[in-house]
2 protein chains.
Amino acid sequence: MRLTTKGRYAVTAMLDLALHADRGPISLADISKRQEISLSYLEQLFSKLRQNALVNSVRGPGGGYRLSRGADQIFVAQIIDAVNESIDATNCGGAGNCQKGQVCLTHYLWCDLSEQIHQFLSGISLASLVERQEVKSVSERQEAQDKEQNLHLI
Amino acid sequence: MRLTTKGRYAVTAMLDLALHADRGPISLADISKRQEISLSYLEQLFSKLRQNALVNSVRGPGGGYRLSRGADQIFVAQIIDAVNESIDATNCGGAGNCQKGQVCLTHYLWCDLSEQIHQFLSGISLASLVERQEVKSVSERQEAQDKEQNLHLI
DNA sequence: CTAATAGTTGAGTAAAATACTCAGTTATAT
DNA sequence: ATATAACTGAGTATTTTACTCAACTATTAG
């Protein structure tokens, strides 16, 4: 099953973008600090997110990334599909050649499951996550920690 | 996400048991041949399946494994839970200490997803899989191949 | 009784996937 | 000019997974 830290990081980073959409382009360095994801790793992920037209980039000082469209038009499934190959619970990658070129005993079960997961995550937009109370409070906590760190630097 | 070949093999092997329940105890060697799963690996898996009271074992010649109860009383989720630690889409394993001891931004999303998957697989019994036409036809194909191989041995 | 069968256990290993780093390049604002 | 920050590709360390091996125990058939 293709749902790993990579996909989770990507969704987290995209949600961070959605939460700070009003601040103009957000740099990966900022996301890296807030979400504790390695900058280099984020660069890799955003390369794919950009290829899949989920974000736009702005280069140079003050630059960063923006969502390519409204947070209500971006869905979790799209993000995971962008960084992983796909959400797929089968062993054969959906090809159906699991046993000597033919389908194995449980092939259709895993197909059904993949479909189920995909539908679930296709129904969840970034906007709907932003609205959630738990997300709001975690985000506020992160903002507070962010300011605190900045004070120490002065 | 904890859904790998291990869990898939376990479900496949259990389904094999369910399909051949009328033949008395089924040896791992038989399952190994039919489902093309390494015997040593099956031994590992069945150790856990036995610990979780999903199968009973019969030692000695003519021995093997049997489902511990009716195929309508064993569900896919139970099998996967038995061999993997659990079906869990979070990074923290559900602990909620994903970011500096507190929950990360997307923690609840992954919790919801885990719940979703678990419910789906909890609703699918081995009996319901046995009834499926696709499973029947794959099983018949396997039986045919089995007989063919035995002929060659004589 | 003894030989063969088949489950039981634990330790160990090879391969693959994952997560992550590094070193550079390019574009742009100030 | 210079600093910033996106972009790219190659490379590596770690972890997980899948699998093997070797020994042991219980049971049954002959």
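Computed from heavy atoms alone, side chains included, the values below leave out hydrogens, waters and symmetry copies. By convention in this document, chain letters (A, B, ...) are assigned in the order of the sequence lines, proteins followed by strands, and residues within each chain are numbered from 1.
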Engineer: Could you state the atom-to-atom distance from CZ of A/Arg66 to C1' of D/dA5 in whole Å?
Structural biologist: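 After rounding, the reported distance stands at 14 Å.
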Engineer: For A/Gln51 and A/Gly60, find the nucleotide of DNA chain D closest to each by heavy atoms; which residue's nucleotide sits nearer the 5' end?
Structural biologist: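 Checking each residue's closest nucleotide, the 5'-ward one belongs to A/Gly60.
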Engineer: Let me know the distance between NZ of A/Lys6 and P of D/dT15, rounded to the nearest Å.
Structural biologist: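 Going from NZ in A/Lys6 over to P in D/dT15 covers 18 Å.
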Engineer: Between C/dT5 and B/Ser27, is there an OP1 or OP2 to side-chain N/O distance shorter than 4.0 Å?
Structural biologist: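 Indeed not, no polar side-chain atom of B/Ser27 lies that close.
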Engineer: Using atom NZ of A/Lys48 as one end and atom C1' of D/dG9 as the other, report the distance to the nearest whole Å.
Structural biologist: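 Atom NZ in A/Lys48 sits about 13 Å away from atom C1' in D/dG9.
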Engineer: Verify, without hydrogens or angle tests, whether A/His118 (side chain) and A/Ser114 (backbone) share a donor-acceptor contact under 3.5 angstrom.
Structural biologist: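 No, because the side chain of A/His118 does not come within donor-acceptor range (under 3.5 Å) of the backbone of A/Ser114.
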Engineer: Taking the side chain as every heavy atom from C-beta outward, state whether B/Leu113 and A/Ile124 have any atom pair closer than 4.5 Å.
Structural biologist: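 Of all side-chain heavy-atom pairs linking A/Ile124 with B/Leu113, none is under 4.5 Å.
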Engineer: Categorize B/Phe46 for me: base, sugar-phosphate, or nothing, with a 4.0 angstrom heavy-atom threshold over every strand shown.
Structural biologist: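 No contact.
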Engineer: Sub-3.5 Å donor-acceptor pair from the side chain of B/Ser32 to the main-chain atoms of B/Ser38, do we have one?
Structural biologist: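 Here the side-chain-to-backbone pair does not exist.
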Engineer: Whole angstrom is fine here: how far is it from CG in A/Asn52 over to C1' in D/dC7?
Structural biologist: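 Going from A/Asn52 (CG) to D/dC7 (C1'), I get 16 Å.
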Engineer: Without decimals, in angstroms, what is the distance between A/Asn56 CG and C/dA27 C1'?
Structural biologist: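 Atom-to-atom, A/Asn56 to C/dA27, this comes out as 16 Å.
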Engineer: Is the phosphate of C/dA19 approached by A/Thr4 (side-chain N or O, under 4.0 Å from OP1 or OP2)?
Structural biologist: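 The answer is yes; a side-chain N or O of A/Thr4 sits under 4.0 Å from OP1 or OP2.
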Engineer: Less than 4.5 Å apart, any side-chain heavy atom of A/Ile117 and any of B/Phe120?
Structural biologist: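 Result no, sub-4.5 Å side-chain heavy-atom pair not found.
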Engineer: Look at the aromatic rings of A/Tyr65 and A/Phe46 and report parallel, tilted or perpendicular, splitting at 30° and 60°.
Structural biologist: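 If you compare the ring of A/Tyr65 with that of A/Phe46, the planes turn out tilted.
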Engineer: Let me know the distance between CG of B/Leu28 and P of C/dT8, rounded to the nearest Å.
Structural biologist: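 Result: 8 Å.
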Engineer: So, is B/Thr5 close to the D/dT17 phosphate, meaning a side-chain N or O under 4.0 Å from OP1 or OP2?
Structural biologist: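 Negative; the distance criterion is not met.
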Engineer: Does D/dT17 have OP1 or OP2 sitting under 4.0 Å from an N or O in the side chain of B/Tyr9?
Structural biologist: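 No, because none of the side-chain N or O atoms of B/Tyr9 sits under 4.0 Å from OP1 or OP2 of D/dT17.
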Engineer: Rounded to whole Å, please give me the gap between CG in B/Leu17 and C1' in C/dG7.
Structural biologist: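 Rounded to whole Å, this separation is 13 Å.
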Engineer: Pull out every residue in residues 37-45 of chain A that has a heavy atom closer than 4.0 Å to any atom of DNA chain D, ordered by number, or say none.
Structural biologist: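 Heavy-atom cutoff 4.0 Å gives A/Glu43, A/Gln44.
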Engineer: Measure across A/Val83 and A/Gly7 and return the closest heavy-atom pair with its distance rounded to 0.1 Å.
Structural biologist: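 Between these two residues, the closest heavy atoms are CG2-CA, 3.9 Å.
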Engineer: I need the CZ-P distance between A/Arg8 and C/dC20, as an integer number of Å.
Structural biologist: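 It works out to 11 Å between those atoms.
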Engineer: Sort out for me which residue in B/Arg50, B/Gln44, B/Glu43, B/Gln51 forms a side-chain hydrogen bond (donor to acceptor under 3.5 Å, both in side chains) with B/Ser47.
Structural biologist: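 Of all the options given, the one that passes is B/Gln51.
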Engineer: Can a side chain N or O of B/Ser57 be found less than 4.0 Å away from OP1 or OP2 on C/dT8?
Structural biologist: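 B/Ser57 to C/dT8 OP1/OP2: side-chain N or O found under 4.0 Å.
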Engineer: According to a strict under-4.0 Å criterion, is B/Arg50 in side-chain N/O contact with OP1 or OP2 of C/dA6?
Structural biologist: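 Checking C/dA6 against B/Arg50, no side-chain N or O comes under 4.0 Å of OP1 or OP2.
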Engineer: Choosing from D/dT17, C/dA19, C/dT9, which nucleotide comes nearest the side chain of B/Ser47?
Structural biologist: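 Side chain of B/Ser47 sits closest to C/dT9.
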Engineer: Below the 4.0 Å mark, does C/dT26 have OP1 or OP2 next to a side-chain nitrogen or oxygen of A/Arg59?
Structural biologist: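 It does not, given that no N or O in the side chain of A/Arg59 lies less than 4.0 Å from OP1 or OP2 of C/dT26.
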Engineer: So, B/Arg34 side chain and B/Ser139 main chain: donor-acceptor pair closer than 3.5 Å or not?
Structural biologist: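 Not at all, since once roles are kept as given, no pair shorter than 3.5 Å links the two residues.
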